[in-house]
There are 2 protein chains.
Amino acid sequence: MCLCNWFSPCVSANYWNIAAARGIGKLRKQNPKASKPVTSRQLAALIGVSQSAVSRAFTPGSSIAAPLRDRILQSAREIGYQPNAIASMLTTRRTNIVGLVVSDMSNPFYPALLEQLTQGLQRVGLQTLMFNITPGANIEEQLVAIRTYNVDAVVIISATVLNDRTLAWATEGRRALLLNRLGHDDIMTVCCDNTAGARCLVDHLYETGRRRIGYVAGLTKSAIGMTRYSAFTSRLAELGMRLTGTTSQEIYSYDAGWAGALELIPQKPDAIFFASDILALGGLDAMKQAGVAREIAAVGFDDIPMSGWPGYSLTTYRQPIEKIVDKTVELLTVAEPGPTRLHALPGELVVRASTAIEPRSAAALLPLAP
Amino acid sequence: MCLCNWFSPCVSANYWNIAAARGIGKLRKQNPKASKPVTSRQLAALIGVSQSAVSRAFTPGSSIAAPLRDRILQSAREIGYQPNAIASMLTTRRTNIVGLVVSDMSNPFYPALLEQLTQGLQRVGLQTLMFNITPGANIEEQLVAIRTYNVDAVVIISATVLNDRTLAWATEGRRALLLNRLGHDDIMTVCCDNTAGARCLVDHLYETGRRRIGYVAGLTKSAIGMTRYSAFTSRLAELGMRLTGTTSQEIYSYDAGWAGALELIPQKPDAIFFASDILALGGLDAMKQAGVAREIAAVGFDDIPMSGWPGYSLTTYRQPIEKIVDKTVELLTVAEPGPTRLHALPGELVVRASTAIEPRSAAALLPLAP
DNA sequence: ATGAAAGCGCTAACAT
DNA sequence: ATGTTAGCGCTTTCAT
């Protein structure tokens, strides 16, 4: 066995000590009344079978006669025995825990994804250990538990700032999966089909008569941001539409959308393409404030709940959260994930009022170019 | 030892089987290349000390000479040894895992709380195991892992629908804490001071000249809902203001706020008190739609990010998330939590444009009643 | 202060 | 199909 670990985990010892020194150790110390749970050995003794029999009764597919198994399960229920997952982890070296790494919940898209994901994992018996990393501080220190807790798989959501070295360190020896984050060809990736989405939104703008389009980007250097933008520009070119201007504050936020819209308004686009809904909402408010909301259409990307609110009513491309979750669960649970690394799932165009306004140029509603 | 478990855990066996039958067992099976991590025994052998010495080196306060400890930690760092948390769980019966039970993330208030909470716990070395329960299905089945994984503490957020029996079952033998949920005097509870908040908002309405107030409730039967409402009504009475009407859809949502506002508008209030921000946002949009936004003021409760957006600019009472997290972490980590069960932390009035409009009744801005 | 030895509650290989 | 046995990697007495 190779003892040399070529990553230098500048973490371990130090962190361990810090944590324990803060008095966490006491969390369970007191509480002597906490009668220890029944063990399989006790249950076995009680009904006069071997301890292994109990273990087998709780292990599907193990060779045990149905009557015996039922008898064991029955008395287990009666005396309240439940297998101790910790102990089984130690022998099987499997935890059934998925480490979920997130870094920013301020975008309203993520709560919905998170909610459905944890439920989806739970449905197949996987637990979710949350890692909410603060970009500034020592990332590996924040993620030690991924290794010390023997997490079976790691799911990384969003534009989490993990460099390649940290990523490799965190995922070493376990299944890893990127959600809505591109750019790592060696790691399984599940995301919405950003190219199809952006093209589809441009098509819709074309069909509703817009020709002069502005673009408000989020993170321009992220692979997702680049994918959306290049799909946008190439479709624009294909349809002979005009890009009036591009801007970015390098963040997906309401305020960035507001600022971006204000910046593009002077160029008199008939529509602004926002790289995400949260940008678009800020942009819509800015456009209302500037009095051009009835002249400039807007589209977003994600379909967060607020986009459907009457105050915004934003046309957008809905991320297929359910499909994303299903695919994620599948990739995590199936024995052999197959060679495909990138799974880009189709979303859905959601047309709302933000593109229902009269186009300024009043261009004829030409059919789509072939 | 008492083997009788007076709860009937209708769960265990069944769930265990279901889960495993779905093929979770395979999640880690393949991956033979996963070189097993270094163990304390290997490290000990390598540097010629006993295995206990290694254990002690990583246990603060244990009797070990500083030079030896440093030597061990040093080589641990070099060969990449990290203590296996699973193994230590088995002997210490402590996991340093907090089970976080949530049931609804659609209210934008929770993501922020969740984010700060997981970070706060992480800062003191506690991991967060997420339980996102679906109200309909068998709750205990969704929470088995709280027991089988030996979670040290349980934090329950929000109006999670757990009946007393399930609550006791889930928290038995571990520290438990309710966040933003009242009504269980035997369980530690941390929440915002709802009474102070509601009174403070009424005071603000009074000071800005409103006298006829409507109330849009969320969940009228929840303890929090009742607290806010009764603080509201009693302060109203104290100040001699008029309650023009009350309504509720029994849910905290944008749509419910919209419907609630429409219902109250005919009664011509000068202000509507919404039991939460998400209700208020729906209400504001409804009032704009109805053309009465410049006549009826609005206040909410929580201060979610959207409330600060220019399109809404909602006056509200900000929940002290940071204080809530700090108190939670303290209660979970301190040795003896003390006798106080309910910790109601003061929030903060945030005045915005939704109460800056001219009051309809144009009542003189009387000083507050004593 | 250090080392040796006995488990923690389970799984899995080996018997029968 | 069932029982016996040997660990999983650590913590914790108990010696020294």
Side-chain angles (χ1 to χ4, degrees), chain A residues 1 3 12-13 16 20 25 28-29 34-72 76 80-96 147-150, chain B residues 1 3 12 16 20 24-25 28-29 34-72 76 80-96 147-150:
Chain A
M1 164 186 303
L3 286 187
S12 58
W16 205 257
R28 203 76 172 288
K29 274 269 169 59
S35 57
K36 294 202 288 186
V38 191
T39 71
S40 63
R41 169 155 279 113
Q42 292 173 323
L43 176 58
L46 205 65
I47 55 182
V49 297
S50 77
Q51 182 269 331
S52 346
V54 175
S55 176
R56 288 191 184 103
F58 282 90
T59 309
S62 61
S63 53
I64 184 171
L68 178 56
R69 187 192 55 216
D70 295 343
R71 191 155 63 92
I72 293 175
Y81 167 77
Q82 281 170 324
N84 180 335
I86 306 287
S88 99
M89 288 177 196
L90 194 57
T91 42
T92 60
R93 310 196 56 74
R94 279 185 296 102
T95 53
N96 283 343
R147 295 174 65 103
T148 59
Y149 280 56
N150 265 292
Chain B
M1 165 187 303
L3 285 186
S12 58
W16 206 256
I24 291 92
R28 204 73 174 289
K29 274 270 169 57
S35 58
K36 293 203 287 186
V38 191
T39 70
S40 63
R41 169 155 278 112
Q42 292 172 324
L43 177 58
L46 205 66
I47 57 181
V49 298
S50 77
Q51 183 268 331
S52 343
V54 176
S55 176
R56 287 190 184 107
F58 283 89
T59 308
S62 60
S63 52
I64 185 172
L68 177 57
R69 187 192 55 214
D70 294 344
R71 191 155 64 91
I72 293 175
Y81 166 76
Q82 282 171 324
N84 180 334
I86 307 287
S88 95
M89 288 177 196
L90 193 55
T91 42
T92 61
R93 311 196 57 72
R94 279 184 298 103
T95 53
N96 283 343
R147 295 175 66 104
T148 58
Y149 280 54
N150 264 293

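Note on naming: letters A, B, ... go to the chains in the order of the sequence lines (proteins, then strands), and numbering restarts at 1 for each one. Computation of the quantities below employed the complete heavy-atom set of this structure, encompassing side-chain atoms and omitting hydrogens, waters and symmetry-equivalent molecules.
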(message) Within this structure, what is the CD1-CD1 distance for the pair I72(B) and I47(B), rounded to the nearest 0.5 Å?
(response) 5.0 Å
(message) At 4.0 Å (heavy atoms only), tell me whether S40(A) reaches a base, stays on the sugar-phosphate, or touches nothing.
(response) sugar-phosphate
(request) Establish whether the base of dT4(D) is bridged to the side chain of S52(A) by a donor-acceptor pair shorter than 3.5 Å. (result) yes
(message) What's V54(B) touching, base or sugar-phosphate or nothing? Going by heavy atoms closer than 4.0 Å.
(response) nothing
(message) Rounding to an integer number of Å, can you tell me how far L90(A) CG sits from dA12(C) P?
(response) 12 Å
(request) Could you state the atom-to-atom distance from CG of N96(A) to P of dC10(C) in whole Å? (result) 16 Å
(request) Grab the CG-P distance between N84(B) and dG9(C) for me, whole Å please. (result) 17 Å
(request) Return the value, rounded to whole Å, for the distance between atom CE of M89(A) and atom P of dC10(C). (result) 12 Å
(message) If you assign S63(A) and Q51(A) each to the DNA chain D nucleotide with the nearest heavy atom, which residue ends up on the more 5' nucleotide?
(response) S63(A)
May I have the list of side-chain donor-acceptor pairs in residues 50-58 of chain B shorter than 3.5 Å, sequence neighbours left out?
| residue | atom | partner | partner atom | Å |
| --- | --- | --- | --- | --- |
| S50(B) | OG | S52(B) | N | 3.4 |
| S50(B) | OG | A53(B) | N | 3.2 |
| Q51(B) | NE2 | S40(B) | OG | 2.9 |

(request) Look up atom CD1 in I64(B) and atom CG in D70(B), then write down how far apart they are to the nearest 0.5 Å. (result) 9.0 Å
(request) Would you kindly compare T39(A) and R56(A) by the position of their nearest DNA chain C nucleotide and give the one closer to the 5′ end? (result) T39(A)
(request) In whole angstrom, give the distance that lies between atom CG of L43(B) and atom P of dG9(D). (result) 14 Å
(message) Side chain of S50(B), heavy atoms from C-beta onward: which of dC10(D), dG3(C), dT11(C) has the nearest atom to it?
(response) dG3(C)
(request) Considering non-hydrogen atoms only, spot the tightest contact between V38(A) and Y81(A) and give its length. (result) O-CD1, 3.3 Å
(message) Between C1' on dG7(C) and NZ on K36(A), what's the gap in Å once rounded to a whole number?
(response) 10 Å
(request) Go through the N and O atoms of the side chain of R93(A) and the base of dG9(D), and report whether any donor-acceptor pair is under 3.5 Å. (result) no
(request) Heavy atoms only: give me the nearest L43(B)-A76(B) pair and the separation to one decimal. (result) CD2-CB, 3.8 Å
(message) For I86(A), give me all partners under side-chain contact (heavy atoms from CB on, under 4.5 Å), at least two apart in sequence or on another chain.
(response) N84(A), M89(A), I86(B), M89(B), L90(B), T95(B), N150(B)
(request) Return the value, rounded to whole Å, for the distance between atom CZ of F58(A) and atom P of dA12(C). (result) 16 Å
(message) Starting the side chain at C-beta, find the nucleotide from dC10(D), dC10(C), dC14(C) nearest to R41(A).
(response) dC10(C)
(request) Assign I86(A) to base, sugar-phosphate, or nothing according to its heavy-atom contacts below 4.0 angstrom with the strands shown. (result) nothing
(request) Specify the residue among A87(B) and A65(B) whose closest nucleotide of DNA chain C lies further upstream toward the 5′ end. (result) A65(B)
(request) In whole angstrom, give the distance that lies between atom CG of N150(A) and atom P of dG9(D). (result) 9 Å
(message) Using the side-chain heavy atoms of S55(B), tell me which of these nucleotides is nearest: dT12(D), dG9(C), dG3(D).
(response) dT12(D)
(message) To the nearest 10°, give me the bend of the helix from dA1(C)-dT16(D) to dT16(C)-dA1(D), comparing the axes of its five terminal pairs at either end.
(response) 40°
(request) Could you tell me whether the side chain of Y149(B) reaches within less than 4.5 Å of the side chain of N96(A), counting heavy atoms only? (result) yes
(request) Check whether any side-chain N or O of Y149(B) sits under 4.0 Å from OP1 or OP2 of dG9(C), and answer yes or no. (result) no
(message) Starting the side chain at C-beta, find the nucleotide from dG7(D), dG3(C), dT12(D) nearest to T91(A).
(response) dG7(D)
